[in-house]
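In this chain, residues are counted from 1 in sequence order.
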Amino acid sequence: QVQLVESGGGLVQPGGSLRLSCAASGSIFSINAMGWYRQAPGKQRELVATISSGGSTNYADSVKGRFTISRDNAKNTVYLQMNSLKPEETAVYYCNALIHRYGSRQYNDYWGQGTQVTVSS
């Protein structure tokens, strides 16, 4: 019933920028927090940034000052603006959202399929 679809990934040179988007669709009553995670080859998935329904943000220390998370509640979409990208940030980036579905009594976590970001010369 609920689907998260990421877009905007691709190949970028070190120091370059990318803007990721994630749109939620389906039987959605409301969306609480949304966030971005990434998983590099051979490593565990890690938190990149989160944003609350009220707009409060939280970032991993490694991306502070370079990445910006934002959301458009009318479009059920969360964005991640990534600047000054580093090769070590090559990973699959996943969208996450805490969503209250129609007919549900609670919020549950939903994940997108992921979008590949490759930072390389």
Side-chain angles (χ1 to χ4, degrees):
Q1 288 187 277
V2 172
Q3 184 178 32
L4 301 179
V5 179
E6 299 105 329
S7 62
L11 176 65
V12 64
Q13 294 185 9
S17 299
L18 283 175
R19 189 187 191 224
L20 306 182
S21 299
C22 172
S25 62
S27 185
I28 299 171
F29 177 72
S30 64
I31 301 177
N32 199 308
M34 305 184 81
W36 290 93
Y37 293 72
R38 64 189 178 192
Q39 187 166 24
K43 294 188 175 181
Q44 293 185 317
R45 190 172 299 185
E46 65 175 352
L47 172 69
V48 177
T50 61
I51 183 167
S52 72
S53 60
S56 297
T57 58
N58 185 47
Y59 298 92
D61 288 341
S62 62
V63 308
K64 288 178 64 176
R66 297 185 298 114
F67 289 13
T68 302
I69 187 170
S70 61
R71 63 192 288 170
D72 184 337
N73 291 330
K75 296 181 178 180
N76 287 338
T77 299
V78 63
Y79 306 93
L80 184 68
Q81 177 66 46
M82 305 184 293
N83 298 326
S84 301
L85 282 160
K86 305 174 181 179
E88 55 264 39
E89 292 174 317
T90 293
V92 177
Y93 284 69
Y94 295 91
C95 174
N96 171 259
L98 190 61
I99 298 175
H100 186 182
R101 296 169 60 187
Y102 284 111
S104 176
R105 297 178 181 178
Q106 63 180 5
Y107 288 90
N108 290 105
D109 280 324
Y110 291 88
W111 294 88
Q113 79 290 164
T115 185
Q116 176 69 228
V117 172
T118 302
V119 186
S120 177
S121 298

Any donor and acceptor pair, going by atom type alone, linking the side chain of Asn96 with main-chain N or O of Tyr110 inside 3.5 Å? yes
Apply the test side chain to side chain contact (heavy atoms under 4.5 Å, CB included) to residues Val63 and Glu89: give CA-CA distance (whole Å), side-chain angles for both, the deciding distance (0.1 Å), then the verdict. CA-CA 10 Å; Val63 308; Glu89 292 174 317; 3.8 Å; yes
List, by chain and then residue number, the residues other than Tyr102 in its hydrophobic cluster (Ile/Leu/Val/Met/Phe/Trp/Tyr, side-chain heavy atoms under 4.5 Å); write none if there are no others. Phe29
Pair Tyr93-Arg38, side-chain donor/acceptor within less than 3.5 Å: yes
Once rounded to the nearest 0.5 Å, what's the spacing between atom CD of Gln3 and atom CD1 of Ile99? 10.5 Å
Ile31 CD1 to Leu4 CG distance, which is reported to the nearest 0.5 Å: 7.5 Å
Hey, is the main chain of Ser52 close enough, under 3.5 Å, to the side chain of Arg71 for a donor-acceptor pair? yes
Verify the distance criterion only: is there a donor paired with an acceptor across the side chains of Asn83 and Ser17 at less than 3.5 Å? yes
Please check if the side chain of Glu6 supplies one atom and the backbone of Gln113 the other of a donor-acceptor pair under 3.5 Å. yes
Run the numbers on Val92 and Thr115 for side chain to side chain contact (heavy atoms under 4.5 Å, CB included), then give the verdict. CA-CA 5 Å; Val92 177; Thr115 185; over 6 Å; no
A side-chain contact here means heavy atoms from C-beta on lying under 4.5 Å apart; do Asn76 and Ile28 qualify? yes
Who passes side chain to side chain contact (heavy atoms under 4.5 Å, CB included) against Ser30, sequence neighbours left out? His100, Tyr107
When you measure from the side chain of Tyr59 to the backbone of Ile69, do you find a donor-acceptor pair of N or O atoms at a distance under 3.5 Å? yes
If you measure from CG on Leu11 to OG1 on Thr118, what distance do you get to the nearest 0.5 Å? 6.0 Å
Nearest-0.5 Å distance, OG1 of residue Thr50 to CG of residue Leu98: 11.0 Å
Going through the checks in order, is the salt bridge (Lys or Arg N to Asp or Glu O under 4.0 Å) test met by Glu88 and Lys43? CA-CA 11 Å; Glu88 55 264 39; Lys43 294 188 175 181; over 6 Å; no
CE on Met34 to SG on Cys95, rounded to 0.5 Å: 5.0 Å
Can you tell me how far the CG atom of Leu20 sits from the OG atom of Ser7, to the nearest 0.5 Å? 8.0 Å
For the residue pair Pro14 and Ser121, establish whether any side-chain heavy-atom pair is separated by less than 4.5 Å. yes
Please check this pair: side chain of Ser62 against backbone of Ala60, looking for a donor-acceptor N/O pair closer than 3.5 Å. no
Check step by step if side chain to side chain contact (heavy atoms under 4.5 Å, CB included) holds for Asp72 and Tyr79. CA-CA 8 Å; Asp72 184 337; Tyr79 306 93; 4.0 Å; yes
Considering non-hydrogen atoms only, spot the tightest contact between Leu85 and Leu18 and give its length. CD1-N, 4.0 Å
Within 45° of the axis and under 6.0 Å from the centre of the six-membered ring of Tyr94, does NZ or CZ of Arg45 qualify? yes
Which heavy atom in Ser21 sits nearest to a heavy atom in Trp36, and how many Å separate them? O-CH2, 3.6 Å
Are the side chains of Arg66 and Lys86 in touch, meaning some heavy atoms are under 4.5 Å apart? yes
What pairs with Phe67 under ring-ring contact (aromatic ring centres under 6.0 Å, His included), at least two apart in sequence or on another chain? none
